[in-house]
Amino acid sequence: MSYEVIQKVGRHQYIFLAEGYRNENGQPRQKRRPIGKIDPVTKQKVYKPEYLAQLHRNGAQSGNPETEGLFSAEDIRKSSVRSYGSFYLYRKIAERNGMVRALRQALPACWTEYFTLACYIVSAGDPLMYCEDWLKDTESYPVGSLSSQRISELLLSLPAQGREAFYGSWYAAHNDVEYLALDITSESSYSELIEDVEWGYNRDHEQLPQVNLCMMVGETSRLPVHQTVYAGSHKDVRTLVTSLSRFEAATGKRPVTIVMDKGFFSAKNINFLLGGSDGEAHNFLISMPFTCAFAKKQVESERKDIDCVENTIVVNGYPMRAVTKLRAWNKDHKVYTHIYYSAKKASGIREDLYAKVALLKQRADAEPEKCLDDGECRKYLIIRKSEKQASGYTVSIRNDVLEKALYTAGWVVLISNDIPDALQAMCVYRDKDVVEKSFLRLKNSIDLGRLRVHSDNAMQGKLFVGFLASILMAEINKTMDRHGLYKNYTMKELLNLLAKLRVQDINGRRILYPVSKEQRIVYEAFDVEPPTE
């Protein structure tokens with residue numbers, strides 16, 4: 001007798017029709033065939049049309065009472081129900097912010113496929129190979145099949161010229177002059193066939209080779225505007241000139257200020273930004289590392305006098321001291337140098353370091369021989385043999401190392417050729433975290449923490465789809481944050497709520513299910529008119 005078995009495969013639950021039998025040795029065995037799956041939104045069983053048609057032909061005598069008398073082959077042929085609400089939101093967002101127009105201009109033959117893939121990874125967060133299952137149950141643009149093979153063909157065939165044309169059209173759609181935050185992250189890969197996958201500094205601390213992804217994000221719009229892929233061995237500082245050159249080549253030259261952390265700092269890069277050999281300056285704001293003598297000199301010059309109420313600024317409720325000086329960078333240029341000091345942060349760093357060293361000493365006093373080869377112990381402690389001690393060793397703290405480590409605790413130095421005010425400069429620099437949040441969404445929310453591809457072209461195609469998805473997620477995140485929707489939903493829960501809005505086609509007629517009160521409130525928050533057709 002046949003019976004249903006539900007089995008989880010990856011993130012999906014599938015329904016199998018199982019039938020028991022005994023093999024030639026009399027051992028019990030089981031035959032299974034797939035007949036449907038569990039809808040991830042409604043948790044209802046969704047059967048394959050051919051299975052339901054078979055039930056109808058057999059008079060619904062298969063032993064499954066849930067489907068008896070409910071369907072006919074003609075009904076199946078003429079009727080289908082699909083999720084619609086979340087894709088409707090993606091489409092409205094992309095039409096309003098210019099993303100659809102930019103895709104049409106850059107990739108006229110296949111823009112709907114790339115947009116649909118971006119919508120899928122925002123909705124599901126699953127590997128692209130499962131997109132076909134999602135598409136069967138989702139109203140979208142008419143893209144035909146998006147099987148695993150078809151997706152591979154799309155990723156491989158994405159033209160570099162079309163990709164760069166999109167960046168140009170996308171950036172041109174935003175007329176606002178805004179600060180652009182620039183940062184870089186690692187994308188790990190197991191593939192040995194991608195040319196740019198190399199060993200380097202992995203920001204996720206994974207023991208894998210990688211590529212480096214450099215992205216620019218608008219601090220006001222909070223939207224990604226451009227990205228560039230580099231070989232995994234490149235350090236941040238070596239990518240700046242190429243990133244800006246590629247950005248300008250794709251988008252044209254517009255007045256922007258690039259905001260960067262200290263990973264991009266070098267004297268060579270600052271000289272390039274100030275004019276370089278071609279004489280064209282770029283507006284910038286950058287943090288300086290204290291390995292730079294210039295930064296140390298600024299701290300030393302202000303150490304005695306900076307801690308006073310006249311130098312106090314408040315950034316997002318957080319007080320600190322700040323001084324701005326116009327300093328000579330080289331014989332041709334001067335830069336606004338913003339020096340900041342936070343006594344609270346310095347105190348916290350000091351307390352944490354003291355506690356760490358105290359615990360190291362406690363461990364070394366108890367087991368000195370085990371600590372002799374410990375890197376942290378050797379850094380902060382002196383462990384010597386001594387016959388006078390019961391343990392056979394003396395342990396003392398390297399106070400000079402501690403003071404050196406704390407010398408710049410609580411200090412920050414920013415330099416700019418564009419922003420003369422210390423408060424404005426710190427606010428702009430703090431807003432740089434928009435690009436870091438974009439990286440987190442890219443890796444954690446839409447399954448791009450690993451590059452599950454095996455060629456350079458496929459890698460570029462997948463990262464481009466991820467860029468499109470990042471735009472959609474940034475828009476959704478911005479609205480949810482502005483309207484306080486995170487108090488009631490995670491982003492996934494909000495999208496699942498909208499996905500419950502469905503459409504049905506019966507005999508060629510399209511019928512929209514009623515929009516719930518909760519769904520209507522969400523659409524209003526996004527300033528999107530709920531669907532009416």
Side-chain angles (χ1 to χ4, degrees), residues 181 183 201 203 205 235-237 259-267 269-270 285-325 327 329 335-364 371 374-383 395-416 419 421-433 436:
D183 208 346
Y201 172 66
R203 293 151 188 83
H205 307 291
K235 295 181 179 179
D236 298 7
V237 68
V259 185
M260 298 158 285
D261 64 21
K262 57 189 177 184
F264 290 93
F265 176 84
S266 73
N269 281 348
I270 300 303
L285 174 69
I286 190 168
S287 175
M288 299 186 74
F290 289 110
T291 54
C292 173
F294 184 93
K296 287 182 179 178
K297 185 177 179 181
Q298 307 314 308
V299 170
E300 186 59 36
S301 67
E302 302 298 335
R303 184 179 294 277
K304 293 181 180 179
D305 302 322
I306 196 171
D307 195 7
C308 63
V309 67
E310 288 81 6
N311 293 330
T312 300
I313 62 172
V314 181
V315 182
N316 297 329
Y318 186 84
M320 63 176 65
R321 316 291 182 250
V323 173
T324 297
K325 298 290 177 67
R327 302 289 195 192
W329 175 258
V335 292
Y336 296 109
T337 306
H338 308 291
I339 306 105
Y340 305 89
Y341 175 69
S342 169
K344 184 176 181 180
K345 184 176 180 181
S347 177
I349 293 173
R350 180 177 294 272
E351 291 301 314
D352 289 344
L353 184 57
Y354 279 9
K356 175 182 177 180
V357 174
L359 290 174
L360 287 174
K361 186 177 185 302
Q362 182 179 333
R363 182 156 63 91
C371 295
D374 185 288
E376 288 289 280
C377 288
R378 291 202 310 270
K379 181 178 180 180
Y380 295 108
L381 304 176
I382 300 173
I383 306 174
V395 180
S396 58
I397 295 172
R398 295 179 181 267
N399 285 295
D400 59 327
V401 175
L402 283 180
E403 290 309 310
K404 184 177 180 181
L406 294 170
Y407 185 76
T408 56
W411 291 85
V412 175
V413 176
L414 305 177
I415 61 171
S416 175
I419 304 176
D421 180 71
L423 176 59
Q424 181 189 3
M426 180 53 69
C427 290
V428 169
Y429 186 74
R430 287 277 182 89
D431 284 343
K432 187 184 69 65
D433 69 348
E436 295 168 5

Shortest non-hydrogen separation from W329 to A267 and the atoms involved: CZ2-CA, 4.0 Å

Distance in Å, S287 OG paired with F265 CZ, rounded so as to fall on 0.5 Å steps: 9.5 Å

Non-hydrogen atoms of P289 and A295 that approach each other most closely: O-CB, 3.5 Å

T337 and R327: side chain donor to acceptor below 3.5 Å: no

Min side-chain heavy-atom separation T312-M320 under 4.5 Å: no

Salt-bridge contact K356-E376 (side-chain N to carboxylate O under 4.0 Å): yes

Closest non-hydrogen atom pair, G410 against I349: N-CD1, 3.9 Å

CD on E351 to OH on Y354, rounded to 0.5 Å: 8.0 Å

S301 side-chain N/O to Q298 backbone N/O, donor-acceptor pair under 3.5 Å: yes

N311 side chain near D307 side chain, heavy-atom distance below 4.5 Å: no

Salt bridge K379-D374, side-chain N to carboxylate O under 4.0 Å: no

Test item: M426 and L414 side chains (from C-beta on) under 4.5 Å apart, heavy atoms: yes

Student check: side-chain heavy atoms of I286 and Y429 closer than 4.5 Å: no

Rounded distance (nearest 0.5 Å) linking atom CD1 of I419 with atom SG of C427: 10.0 Å

Nearest non-hydrogen partners of I306 and I339, listed with the distance: CD1-O, 3.7 Å

Nearest atoms (heavy-atom pairs only) where K432 meets M260: CD-C, 4.0 Å

Side-chain (R321) to main-chain (E310) donor-acceptor, under 3.5 angstrom: no

Heavy-atom closest contact (S342 atom, P319 atom, distance): OG-O, 4.5 Å

Close side-chain approach of Y380 and I397, heavy atoms under 4.5 Å: no

Close side-chain approach of Y340 to V413, heavy-atom, < 4.5 Å: no

Plane angle bin for Y336 and H338 - parallel if under 30°, tilted between 30 and 60°, otherwise perpendicular: parallel

Interatomic distance, I383 atom CD1 to K361 atom NZ [nearest 0.5 angstrom]: 10.0 Å

Close side-chain approach of R363 and C377, heavy atoms under 4.5 Å: yes

N269 side chain vs F264 backbone, donor-acceptor pair below 3.5 Å: yes

Rounded distance [0.5 Å steps], CD1 in I313 versus CD in Q424: 11.5 Å

Heavy atoms of other groups near N316 CG, more than 12 under 6.0 Å: no

Member of L285, D421, L423 meeting the side-chain contact (heavy atoms from CB on, under 4.5 Å) criterion with V428: L285

Parallel, tilted or perpendicular: rings of Y341 and W411 (30°, 60°): tilted

Test item: I382 and R398 side chains (from C-beta on) under 4.5 Å apart, heavy atoms: yes

